[in-house]
2 protein chains.
Amino acid sequence: MRASDRAYAALREDIIEWRLRPGTLLAEVEQSERLGVSRTPLREALGRLTSEGLTTAASGRGVVVTDISLEDIDELFELRETLEGRAAALAAERGDPRHFLQLHRELLAAPALLSGDDPARHGYYRLVERLDAAIDAAISNAYMAQAMGSLRVHLVRIRRLAADDTARLTAAASEHAVIAEAIAARNPRLAQAATTVHLHRSLSHVKATHTPHEKERHG
Amino acid sequence: MRASDRAYAALREDIIEWRLRPGTLLAEVEQSERLGVSRTPLREALGRLTSEGLTTAASGRGVVVTDISLEDIDELFELRETLEGRAAALAAERGDPRHFLQLHRELLAAPALLSGDDPARHGYYRLVERLDAAIDAAISNAYMAQAMGSLRVHLVRIRRLAADDTARLTAAASEHAVIAEAIAARNPRLAQAATTVHLHRSLSHVKATHTPHEKERHG
DNA sequence: AAGCCAATCCTTGTATACAGTGGAGTTCGA
DNA sequence: TCGAACTCCACTGTATACAAGGATTGGCTT
């Protein structure tokens, strides 16, 4: 694996996992020494992060980790509703019903994944990722897939802000199940509506859990 | 201006203007000599182009100019309809009607821009860009603006494929005028519908003019 | 004392040298 | 004659040295 890939992956995970908090200045020499690569591949990694929006170029000082506020979350979900709503509708038109029926069944059984001893909820999130991937594959539109992919980077970052308690994840699983069912039934309008409902409930949850911490300072 | 910016701008324009055709291999030394910069800034430029999708990394050989086929155009317009349709609706909800009324008036007068001696249609395209910018500003959503911006890069590239004759541009101007009027009237559904109509007619025109040349080879 | 200017330092931006890997071409064997 | 393997070359990937620019801090002036 290339050194620039390692630096990119390490920095990306540090930002997503909030080990590098918004506003943190990433100086080239500092980070290159920390990650054990030279400045050249590190610069490439920073360039990729900046193009994704995870970092912002600060003229003359370096790059800083991009801030993500409540306003950003509203904007992010507005775009998300636009893209994922349409994606669900297109998947309903084009997808293989059997595939989504299978995902529907697994999503109905998701509470079992949440009750077990899996604090990081890997099993659950993996199932949701499979639904996303199935929708991506069904619509077979590279441009749309790329647009949604660049969105998901920021969403994973937000996930860390929300207290994803078992109650919310159980509800989310059933919302996902409705989406999968609508796609399997080849009902585009229902699939889009179910996606809209799910996203609004997710957003409400994030804002409800995050607002109390709003006053804490960062930097 | 930085050398990497110059290299980026030069390569980007070469690709958009079809001076560098799809499939062309961009070797680092070759391009760095041609553009008069060293390999380091050139690599940064290539990285940016690749993240935008204008070039694709070919393992071990370098980067090649991304192909853009008729299928791509369908996919591109599918995403475009999703994003721009929603953007028009949001602009109708949030924009300043006076601003869009002004654009509406100018778009009605657009045929005058097309009849004059301006072979590159700069005046016309500038007016359309102002409408795009006004919609962007009205929705005030950085994520959505970025998504639409990355789309427009590819659209400019396609524009070169279509024979933008005066007849089509005159029709397009009147379609744009309808969109501006709907936004000014604060009618989101009409704005979205007008955008859908406009994009479908644009797509039909592109496909009608491009299909005859489909068989020509490139590389 | 406050504001402005200048100088210095730290930072990014660029060039180039070097290493490693992948590909293509050629040659040998079946 | 065709296929496969090996070798060589060219290209990318990385490191480092150097240059240039901006920001910050100190001193000077008002």
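Throughout, a chain's letter reflects where its sequence line sits, starting with A, and its residues are numbered from 1.
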Would one find more than 12 heavy atoms of other residues, nucleotides or ligands at under 6.0 Å from atom CZ of B/Arg152? yes

Exceeds 12 heavy-atom contacts within 6.0 angstrom, atom CD of B/Glu71: no

Find which nucleotide of DNA chain D each of A/Ser59 and A/Val37 is nearest to by heavy atoms, and output the residue with the more 5' nucleotide. A/Val37

With a 4.0 Å cut-off (strictly under) to non-hydrogen atoms of chain A, the first and last hit nts on DNA chain C, 5' to 3', are C/dT11 to C/dT14

Taking side chain as C-beta onward, heavy atoms only, is B/Val64 less than 4.5 Å from B/Thr24? no

Neighbour count >12 (heavy atoms, 6.0 Å) for atom CD, B/Glu30: yes

With a 4.5 Å cut-off on side-chain heavy atoms, are A/Pro41 and A/Arg6 touching? no

In B/S/- notation (B base, S sugar-phosphate only, - none; protein heavy atoms under 4.0 Å), nucleotides 8-13 of chain D written 5' to 3' is ---SBB

Show which side-chain atoms of residues 81-88 of chain A pair as donor or acceptor with protein atoms under 3.5 Å away, not counting sequence neighbours.
| residue | atom | partner | partner atom | Å |
| --- | --- | --- | --- | --- |
| A/Glu81 | OE1 | A/His200 | NE2 | 3.0 |
| A/Thr82 | OG1 | A/Glu78 | O | 2.9 |
| A/Thr82 | OG1 | B/Arg86 | NH1 | 3.2 |
| A/Glu84 | OE2 | A/Arg80 | NE | 3.2 |
| A/Arg86 | NH1 | B/Thr82 | OG1 | 3.2 |

Determine all donor-acceptor pairs shorter than 3.5 Å in which one atom belongs to a side chain in residues 52-61 of chain B; sequence neighbours excluded.
| residue | atom | partner | partner atom | Å |
| --- | --- | --- | --- | --- |
| B/Glu52 | OE1 | B/Tyr8 | OH | 2.6 |
| B/Glu52 | OE2 | B/Tyr8 | OH | 3.2 |
| B/Thr55 | OG1 | B/Thr50 | N | 3.2 |
| B/Thr55 | OG1 | B/Thr50 | OG1 | 2.8 |
| B/Thr56 | OG1 | B/Thr66 | OG1 | 2.9 |

Is the number of heavy atoms from other residues, nucleotides or ligands within 6.0 Å of CZ (A/Arg19) greater than 12? yes

Going by distance alone, is a donor N or O of one side chain under 3.5 Å from an acceptor N or O of the other, for A/Arg168 and A/Ser202? yes

At what angle, to 10 degrees, do the two end axes of the helix from C/dA1-D/dT30 to C/dA30-D/dT1 meet, given five pairs define each axis? 10°

Name the atoms and distances for all side-chain donor-acceptor pairs under 3.5 Å in residues 123-132 of chain A, with sequence neighbours left out.
| residue | atom | partner | partner atom | Å |
| --- | --- | --- | --- | --- |
| A/Tyr125 | OH | A/Asp164 | OD2 | 2.6 |
| A/Arg130 | NH1 | A/Glu106 | OE1 | 2.9 |
| A/Arg130 | NH2 | A/Glu106 | OE2 | 3.0 |

